[in-house]
Amino acid sequence: RGKHVGCFQDSKKARLLANMAKSFPKENSVKHCILTCLRGGYEYAGVEWGVECYCSETFKQPEAISLSDNLCNTPCSGDRSIMCGGYNAISIYTTGAGSRKYSYPSLVDPSSLPSNLPKAHIVFVLTLNGRALRQVMRLIKALYHRDHYILIHVDARQEYLFRELSHITANYSNIRMVPYRYATIWGGANLTTMLLKCMEFLFSLTSWKWDFFVNLSESDYPIRPVEQLIAFLTMNRGLNFLRSHGKDTLRFIQKQGLERTFIQCDNHMWRIGERKLPHGIRIDGGSDWVALNRDFCEYLLTSNDRMISGLREYWKYTLLPGESYWHTVLQNSRFCGSFGNNNLHVVNWIRRKGCKCQYKAIVDWCGCSPNDFVAGDMQKIMVRFCLFAFIKINAMIYRNLHEKKKVIFFARKFEAVVNQEIVNEVDAFLYGSYPQDTPGLTSYWENVYTWQDRKIKLSDIDRTFYNTFARGSLSYLSQWSGDVHCSMHLLDISEVTIFKQADMFQGLLVKFIAEQSTSRTAHVLESLLQYRPMLQLHGTGEAVSRLKNIEVGTTFDVKEEMFKNVGNQIGPHSSFTVALYWSSGPVMEVTISVIDPAQVVATSFAININNNEYAVPLVMDFERPLRPGIWTVKVQHNWNIIAELHFLVSPYSHYGGRPITDSEAKMLHRGPDGKYEKDKPQFDIGASLELDDPQLAASVAMRNSLMAGVQLLEWIDDLTFKFWTVGELCSVGSILPCPGIQLCNITTWSSLSPDPKSQLGRVNPETGRMR
Ligand code: UDX
């Protein structure tokens, strides 16, 4: 095996040692010396080198990787010809960013383009996930241009988004859905496979004449009009735009897990072991948002260089492959001189929030994610533009702040379900404000269920809630109108949508089919269900004034510090999160207790709240089934109760996708067999918690657990409507003979009301745009 023989600040000494090895007589069996550039980079002060010499013939270049096309190993350059032991060429294992000078072209004024210069054509490749259809529509609308193309890949698991987009985009010849679909998990190896397949598909569309391949996701948004991007790419046709991490390649390699083999299987990236990086290859990487020119894309697909096939094979087992695959291929190919070090993006990195190992259920690694931009962040985005103008006049700063030389066309991330105001601001900045009276400007709708979903099965607890909501809406309708024509019974649930206005959750919209009792005709209705949080704050002390809110739900987003899926419901088999929100203030200790409907203290523990703590999410992974009924979270400070929140763990009305049987109800509603937390000692702090009479509560819970049939449904409805109220109803398509029920398409909260900002419209014949 080889022996590491030295580390050097510069290549000279390393080379000297390699040369010494070269002069060793053959008997000494020095077969290879590997000159290793340990650290390096354009901005890095020194370059460290290492030399590894190998005495056996067993050490070999990885077969798959040839150096024939590897013309670009400039940083540790010239050394490939050094012979060692008269036997073999020294391989240079270059990890440094090297001394390559990147190109930083500046913005191009579209009006300055010579009229006879053919404009570059762009294909925007949207790789989409989730259900944020309306935000995606806005994105398409903002990007769309008659002379350019949009290709859409939707994660194979997202049938709703795929179905809706296929339908909506069918009328546009320059928008296509990718027919090959991959389950592109976060950081998954098949993200590059999918993009390569997109390229392949694009080359098969012979009528699409594109020059640049630009990938974007559902959470990107343009921040400059598309004409500016066209002008910029027209003047830089020869470049490829990718962002390199820039400084410390070794650290990049470690952070990315590039020295580990990952295998994507069952929608998970399994880390199966360590591996060696390919020798002779300069590793590079950074952002996976790129603009690649057609020649390079063609080369990626058609080159018969073994380096390309080798790297492609190698990157099939790589985490977050898009963050290094394009960069590494480009740096080691004849395209190396075309590296425009810019991903054309401003990305909202807030590491302390975005690096919380939040993907560990999907990848065996701690990856980071950028945060969403929210209202007030316009300044952050604008600073990049302004700095650009500023540094242009100040050559000195221009040189030093390489970061600020970025020419930016896109920003990420935006999620309208988190904050739509910022999307409205960016959109208005880009193409001007919509008229004030435009309907739905501050409204946001996101579908969470539709009857057409086949692969994503509705959970029993969601089915239970949605049925209760619809039943409650029908009883509201008949009671409120008092009219026999308004008496209906529920047939089925068709859709559920989250509705927000001015970024505040307004309620869940439940669309359902009901049959009128007298005429026996079926009608589709939509109902607005509003949530009433039951939070009480007690006293006036310092602790109470710091505590802003408590929420309980099932899907807390640790990065955005909020429950995104506000409609998510809790049932006997849920694990849930208690989130406490604080304002800044002195450090303090509080005790959190969670109490079930039988007044059993499921858990109780103390936590410290630091000065600047904002959201404190506490995951409650109890033994199940949880006892259904009204639960309570109590927060104590110095043993005084400062806050209590009631929340609902609903019994099931449905189980296994059908109405629950009597025996199932008895089994599932009885609570856990033992303690909620098996292995944890429990302290009796019951007295300070001011519990209700535990004996009485236990006997009521026991009685409730035996409920079945109509009685069970009444109990569920009674519990649910302690927390939810029916706001209003509207009718889809047909006018109901019930007073006050108007058509949904003229009801401002309805998912069917007009939403021009998210509707693809007519193409403006003058500008070629939709927006
Ligand atoms: C960030 C970086 O921008 C990215 O470079 C890196 O790969 C991961 O971290 P992040 O915001 O965390 O990205 O990822 P996200 O935008 O959620 O997903 C990246 C891409 O994968 C998107 O195009 C998204 O649509 C797709 N994706 C993600 C899926 O198709 N399915 C999923 O389940 C998750």
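The analysis underlying the following values was restricted to heavy atoms, covering all of them including side chains, and did not include hydrogens, waters or symmetry mates. Just follow the structure's listing: the first ligand is 1, and inside any ligand the first atom is 1.
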- Task: Report the part of L320 in contact with ligand 1, treating N, CA, C, O as backbone and CB onward as side chain, heavy atoms under 4.0 Å; options are side chain, backbone, both, neither.
- Result: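 The answer is the side chain of L320.
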- Between Y182 and ligand 1, which residue portion shows a heavy-atom distance shorter than 4.0 Å: side chain, backbone, both, or neither?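 For Y182, there is no contact with ligand 1 at all, from either part.
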- H153 heavy atom under 4.0 Å from ligand 1: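 Distance cut 4.0 Å: H153 fails for ligand 1.
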- Answer with yes or no whether C368 contacts ligand 1, where contact means a heavy atom under 4.0 Å from a ligand atom.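 So C368 counts as touching ligand 1.
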With [atom] as the reference point, say which of [options] has the nearest heavy atom.
atom                    : options          : result
atom 10 (P) of ligand 1 : S369, S219, P321 : S369
atom 4 (C) of ligand 1  : E323, R243, Q158 : E323
atom 1 (C) of ligand 1  : P370, G354, G187 : P370

- Task: Among residues two or more places apart or on two chains, list those pairs meeting ring-ring contact (aromatic ring centres under 6.0 Å, His included) that have a residue in residues 126-153.
- Result: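 Qualifying pairs: H121-H148, Y144-Y172, H145-H148, Y149-W208.
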Shortest protein contact, [atom] (heavy atom only):
atom                    : answer
atom 11 (O) of ligand 1 : K413 NZ, 2.6 Å
atom 34 (C) of ligand 1 : N129 ND2, 3.4 Å
atom 22 (C) of ligand 1 : S217 CB, 3.6 Å
atom 19 (C) of ligand 1 : W289 CZ2, 4.3 Å
atom 18 (O) of ligand 1 : W186 CD1, 4.2 Å
atom 13 (O) of ligand 1 : R412 NH1, 3.3 Å
atom 5 (O) of ligand 1  : D288 OD1, 2.3 Å

Salt-bridge criterion met for [X] and [Y] (N-O under 4.0 Å):
X    : Y    : value
E259 : R275 : no
K564 : D557 : yes
K353 : E560 : no
K455 : D453 : no
R157 : D155 : yes

With a cut-off of 4.0 Å, which atoms of ligand 1 are near a heavy atom of [X]?
X    : result
Y359 : 12 (O)
R157 : 31 (N), 32 (C), 33 (O)
L191 : 21 (O)
L128 : 25 (O), 30 (O)
E218 : 24 (C), 25 (O)

- Item | Polar atom proximity, S287 to ligand 1 (N or O, under 3.5 Å) |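 Checking ligand 1 against S287, no N or O pair falls under 3.5 Å apart.
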- Query: Would one find an N or O of T184, backbone or side chain, under 3.5 Å from an N or O of ligand 1?
  - Reply: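 Among all N and O atoms of T184, at least one is under 3.5 Å from an N or O of ligand 1.
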Measuring centre to centre across the rings, with the benzene-like ring taken for any Trp, is [X] within less than 6.0 Å of [Y]?
X    : Y    : value
W210 : F203 : yes
F241 : F232 : yes
Y317 : F262 : no

- Message: Does the Lys NZ or Arg CZ of R771 fall within the cation-pi geometry relative to Y431 - under 6.0 Å from the ring centre and within 45° of the axis?
- Response: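 Judged by the rule (NZ or CZ under 6.0 Å from the ring centre, within 45° of its axis), R771 is not positioned above Y431.
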- Task: Using the salt bridge (Lys or Arg N to Asp or Glu O under 4.0 Å) rule, collect all pairs that involve residues 212-221, keeping only residues at least two apart or in two chains.
- Result: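 Applying salt bridge (Lys or Arg N to Asp or Glu O under 4.0 Å) to every pair that reaches into residues 212-221, excluding sequence neighbours, yields D220-R412.
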- Of all the heavy-atom pairs spanning R146 and N174, show the shortest one and how long it is.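 The pair with the smallest heavy-atom distance is O-ND2, 3.2 Å.
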- Take E164 and R134 through the salt bridge (charged side-chain N to carboxylate O under 4.0 Å, His left out) test and state the conclusion after the steps. CA-CA 10 Å; E164 297 296 319; R134 303 221 184 192; over 6 Å; no
